[in-house]
Amino acid sequence: MKFRTFIVGCALALTLLLFAQRHEPSVQPSGFRAVVDLTHAINPQIPTYEPTDKPAYQARTVATLEKDGYFARDISLPEHFGTHLDAPAHFARGMWTVDQIPPERLVAPLVVIDVTANPKSNPDYQVAVEDVAKWEQAHGQIPENAVVIANTGWESRWNSPRDYRNADTKGVMHFPGYSLEAAKFLVEGRYVLGLGIDTLSIDYGLSQDFPVHHYTLSRSVYHLENVANVEHAPAAGGMVVVSPMKLEGGSGSPVRIFALTR
Ligand SMILES: [Zn+2]
């Protein structure tokens with residue numbers, strides 16, 4: 001019996017060895033070369049659109065390994081917090097809430113438009129149709145049903161909520177967003193599924209009436225705000241996986257976003 005166990009053990013070890021040799025760690029099972037996490041970690045210090053006296057995010061430990069044998073927390077946070085998704089219902093009556101967005105709209109070709117040169121001298125910069133044209137000159141026409149994310153360079157301010165909100169003495173914020181013209185071109189001319197940006201809002205900080213929010217969300221195009229690591233995402237040829245919490249009736253949700261590089 002002992003001898004048989006020994007033989008079986010040897011056979012298993014040999015199988016493991018053979019499989020281990022066949023394993024190629026540099027290739028993802030999906031065929032993609034790399035996965036870039038486009039998500040900021042959530043903690044109480046991160047910047048918020050509205051300034052708050054106490055942190056908008058609370059995490060309270062309700063069980064510990066020492067006392068209860070397991071670790072768990074209760075959390076509370078706004079739907080639009082950290083890297084998050086605006087569902088069409090956020091601004092448009094009768095449109096999809098976050099749980100209703102069809103999943104096939106959450107996995108899409110990814111387009112990253114670099115506009116980093118402009119906000120350095122003009123924090124009120126709005127992504128222009130010319131920026132889209134420049135991307136297309138370099139990479140060809142934006143594929144239909146893509147998610148477009150603007151890299152404005154604003155992410156470098158993320159660790160300072162004051163610099164990231166960039167409010168003036170009157171409390172008016174100054175950070176880049178999309179122009180309505182660019183949004184219209186991307187929605188009507190390129191049929192995008194979602195628009196993303198590495199700032200607090202798709203509409204620039206100065207905006208009081210949020211024209212891009214009204215325009216895109218009423219056309220079922222969702223938003224991704226406070227996107228992270230955009231400089232590491234592929235400009236063209238990648239895919240994006242957008243994974244919000246499935247909050248029934250939600251206006252939006254914190255979201256995990258992955259860029260897949262070919
Ligand atoms: Zn928004």
Side-chain angles (χ1 to χ4, degrees), residues 38-40 42 46-52 56-57 77-101 105-106 108 110-113 115 119 123-127 146-152 154-155 157-158 161 164-167 171-187 192-230 240 242-247 249-257:
L38 303 185
T39 320
H40 285 295
I42 289 177
I46 64 175
T48 53
Y49 193 88
E50 305 284 350
T52 53
Y57 167 69
L77 75 174
E79 289 179 327
H80 301 264
F81 188 76
T83 305
H84 68 272
L85 179 147
D86 290 355
H90 185 34
F91 269 66
R93 203 177 303 281
M95 303 300 281
W96 289 323
T97 50
V98 67
D99 55 311
Q100 292 172 333
I101 300 172
R105 297 177 79 92
L106 299 172
L110 173 63
V111 166
V112 178
I113 298 182
V115 298
D124 302 321
Y125 187 73
Q126 293 178 279
V127 177
V147 168
V148 171
I149 297 178
N151 174 12
T152 72
W154 209 249
E155 183 184 347
R157 298 170 176 241
W158 178 252
Y164 194 77
R165 296 185 75 257
N166 200 30
V172 178
M173 293 185 283
H174 298 270
F175 58 76
Y178 281 83
S179 67
L180 183 58
E181 295 69 36
K184 276 186 175 171
F185 177 74
L186 289 166
V187 173
V192 297
L193 300 178
L195 284 186
I197 197 162
D198 54 353
T199 70
L200 281 164
S201 176
I202 289 288
D203 279 286
Y204 73 152
L206 265 181
S207 178
Q208 302 292 307
D209 50 356
F210 313 110
V212 184
H213 275 70
H214 285 287
Y215 172 78
T216 46
L217 296 176
S218 64
R219 285 162 181 79
S220 303
V221 173
Y222 59 80
H223 294 165
L224 304 170
E225 293 168 334
N226 297 323
V227 179
N229 289 323
V230 266
V240 68
V242 175
S243 195
M245 287 174 75
K246 201 168 179 178
L247 297 172
S251 71
S253 161
V255 65
R256 195 77 187 259
I257 310 171

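Indexing begins at 1, ligand by ligand and atom by atom, following the structure's order. This one's a predicted model, so the numbers in the text were calculated from it and none came from an experiment.
Every residue two or more places apart in sequence or in another chain that forms a ring pair (Phe, Tyr, Trp, His ring centres under 6.0 Å) with His214 is listed here: Phe91. Residues satisfying the ring pair (Phe, Tyr, Trp, His ring centres under 6.0 Å) test with His80, not counting sequence neighbours, are His84, His90.
The environment of Met245 atom CE is sparse: at most 12 non-hydrogen atoms of other residues, nucleotides or ligands sit within 6.0 angstrom.
Checking Glu79 against Ser251 by side-chain atom types alone, a donor-acceptor pair falls below 3.5 Å. In this model, a donor atom of one side chain and an acceptor atom of the other lie less than 3.5 Å apart for Asp198 and Thr152.
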Which pairs would a plain distance check flag for residues 173-186, meaning a side-chain donor or acceptor within less than 3.5 Å of a matching protein atom at least two apart in sequence or in another chain?
unit_1, atom_1, unit_2, atom_2, d
His174, ND1, Asp124, OD1, 2.7
His174, ND1, Asp124, OD2, 3.3
His174, NE2, Asp168, OD2, 2.9
Tyr178, OH, Val148, O, 3.4
Tyr178, OH, Ala150, N, 3.2
Tyr178, OH, Gly196, O, 2.8
Ser179, OG, Val127, O, 2.6
Ser179, OG, Ala182, N, 3.1

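Within the protein, the number of N, O or S atoms lying under 2.8 Å from the Zn ion (ligand 1) is 4.
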